[in-house]
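These notes concern the structure reproduced below.
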Amino acid sequence: MFGWKQKHLVTQMVEEYLQHAERCLLHFREAFEMFFQNGFSREFSELSEKTDLEESACDDLRRRIDEQMYEKALIPESREDILHLLDKMDKIPNRAERILHDMLDMRIHIPSTLREGMLHLVHLNQECFTTLLEAVRGIFVASETVIEKIGMIGHQEEKSDRLERELIRAVFSDHEIPPDRRILLTDLIRHISHISDLSEDVADILKIMTVKRMV
Amino acid sequence: MEWRVLAGVLLGWGLGANDAANAFGTAVSSHMLRWRTAAVLMAISVTLGALVEGEAGLLTYARLTSGGIDDAFFTSLAAAITTLAMTAMGLPISISQATVGSMLGVTLSHIHGGRAGWETLDLTSLGKVVLCWIGTPIGAALITLLLYPILARLLRLLHLHFLTYDALMRTLLVVAGIYSAYALGANNVANVTGVFYRAHAFHQSFLPPESLALLVGGASIALGTLTGGKGVMETVGRGILPIDAFSAFLVVLSEALTVHFYAAIGVPVSTSQAVVGAVVGIGFLKGLRLVSGRAIVVIFLGWLLTPVLGFLLAFLMVRLWTSDLPFS
């Protein structure tokens with residue numbers, strides 16, 4: 001039988017991973033809030049660095065979890081499920097880090113007309129990720145709320161998609177934005193909105209994990 | 001011991017190689033259990049089942065046949081060829097049905113040739129055996145329908161962490177696999193050495209004849225698992241049960257309970273037919289068609305053809321052996 005110590009260790013490491021991922025997306029959100037207040041300020045760069053650090057911590061931890069899973073005699077089905085889940089999930093902090101890097105490197109200027117909508121999009125996607133974290137935690141504590149959370153992620157992803165299209169339409173209807181910047185802004189909007197798409201992909205894996213163990 | 005018992009050993013080998021998948025297929029194909037561990041557990045359990053509870057089946061077969069060692073040899077040989085032919089045709093096989101069909105073929109061949117009277121045919125025992133064949137998949141399906149809701153409710157009450165759930169499922173699959181192997185040994189050992197026991201092939205030994213018959217039968221099945229069961233366990237296990245771990249456990253448990261029940265009343269039945277019944281039961285509970293209509297037709301065809309083919313082969317073999325041909 002799977003030992004309590006092993007189970008506790010794996011659960012603890014996954015929780016640690018979730019905490020880093022959560023902080024990563026929180027700094028990502030704060031970075032955008034800061035950007036819309038002060039533009040490319042020192043605080044924005046600091047928050048971007050914090051996002052990087054949390055993303056690196058996620059990578060390290062995922063590798064440690066991989067090693068732990070293979071060293072310990074974990075049941076293959078549990079091992080494959082956890083590794084597959086974390087592998088997919090890891091794309092989200094990566095995405096957040098990349099968005100901030102792109103903003104800094106390309107010095108993307110966001111017109112004031114788009115700011116409110118963009119901030120809303122960032123909030124929506126960060127909240128979607130938070131719901132995903134709750135669902136992941138749920139599966140580790142035998143919560144019955146997992147399926148409900150998965151449903152919520154679906155709704156949040158739909159909202160994000162709608163807002164993404166509205167924002168892209170707004171970019172292309174604003175004749176003051178030069179064509180090259182339109183492309184950059186469209187990419188930025190799509191990258192942000194992709195966070196909820198990725199969250200939905202992870203939610204699909206969670207759903208399979210839950211249904212497989214549903215009696 | 002008589003050399004012709006080797007025909008029974010061959011049949012036992014095929015039985016062990018093929019039916020190992022029903023007990024441990026899911027656990028091995030899902031990598032929950034190493035093949036080597038499964039094979040050793042299977043070999044021990046099957047031999048134990050044969051030794052502890054296999055005698056009732058031997059006695060049933062003793063009532064169905066009255067021939068000597070040649071008849072026993074032809075019965076086993078015809079059953080073994082039937083098994084090979086059906087497997088080559090890709091049809092599901094029941095060694096119990098092949099053996100009983102062959103037994104009947106031998107007996108009727110003697111009656112037809114005027115070497116035995118109709119009194120040698122025990123229709124009451126035969127009727128009981130055929131009824132049990134029909135009852136096997138139905139029984140397994142009913143057990144599944146009964147046990148699933150009870151055990152599922154218990155499991156839900158436990159609110160298990162998913163890692164604990166997986167570990168519990170692995171343990172349950174292993175325990176059910178051991179029980180299934182035990183039931184297989186107890187039930188099917190008669191197919192291997194039952195006819196030879198009746199023909200007194202085990203009477204010149206330091207062991208009591210029934211014990212030697214059970215030991216040889218159990219060991220033959222165990223040998224089949226150890227030397228030929230790996231491929232079948234890894235592939236068939238995956239194919240038969242594309243369902244969740246809990247349902248897979250229920251299927252193995254229901255199959256084992258059914259086969260064990262028939263071992264207790266002394267009628268060798270098919271573990272594969274019990275598995276099909278249990279899978280249909282799971283499908284009924286979940287509102288799914290886990291076995292397609294075409295698969296059901298193929299299964300029924302296999303069930304009908306097996307005893308008929310065994311019967312015809314054994315009938316012809318005995319006819320040829322007892323005719324005035326130069327080789328007889």
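Note on naming: letters A, B, ... go to the chains in the order of the sequence lines (proteins, then strands), and numbering restarts at 1 for each one.
When the shell of 6.0 Å around NZ of A/Lys50 is examined, it contains 12 or fewer heavy atoms from other residues, nucleotides or ligands. The neighbour count for B/His260 NE2, taken as heavy atoms of other residues, nucleotides or ligands under 6.0 Å away, is above 12. Atom CZ of A/Phe40 has more than 12 heavy atoms from other residues, nucleotides or ligands within 6.0 Å. Residue A/Glu116 qualifies as open at atom CD: its count of foreign heavy atoms under 6.0 Å is 12 or below. Around CZ of A/Arg190, the count of heavy atoms belonging to other residues, nucleotides or ligands within 6.0 Å does not exceed 12. Within a 6.0 Å sphere centred on NE2 of A/His155, other residues, nucleotides and ligands contribute 12 heavy atoms or fewer. Applying the 6.0 Å contact sphere to CZ of A/Arg115 captures more than 12 heavy atoms from other residues, nucleotides or ligands.
Taking the side chain as every heavy atom from C-beta outward, B/Phe162 and A/Thr11 never approach each other to under 4.5 Å. At a threshold of 4.5 Å between non-hydrogen side-chain atoms, the residues B/Asp244 and A/Arg213 do not count as touching.
In this structure, OG in A/Ser78 is found 10.0 Å from NE2 in B/His161, a value given to the nearest 0.5 Å. The distance from atom NZ of B/Lys286 to atom CE of A/Met214, rounded to the nearest 0.5 Å, is 10.0 Å. Between B/Asp166 atom CG and A/Asp81 atom CG the span is 7.0 Å, to the nearest 0.5 Å.
Contacts from residues 147-155 of chain B to chain A, taken as heavy-atom pairs separated by less than 4.5 Å, involve B/Tyr148, B/Ala152, B/Leu155 in sequence order.
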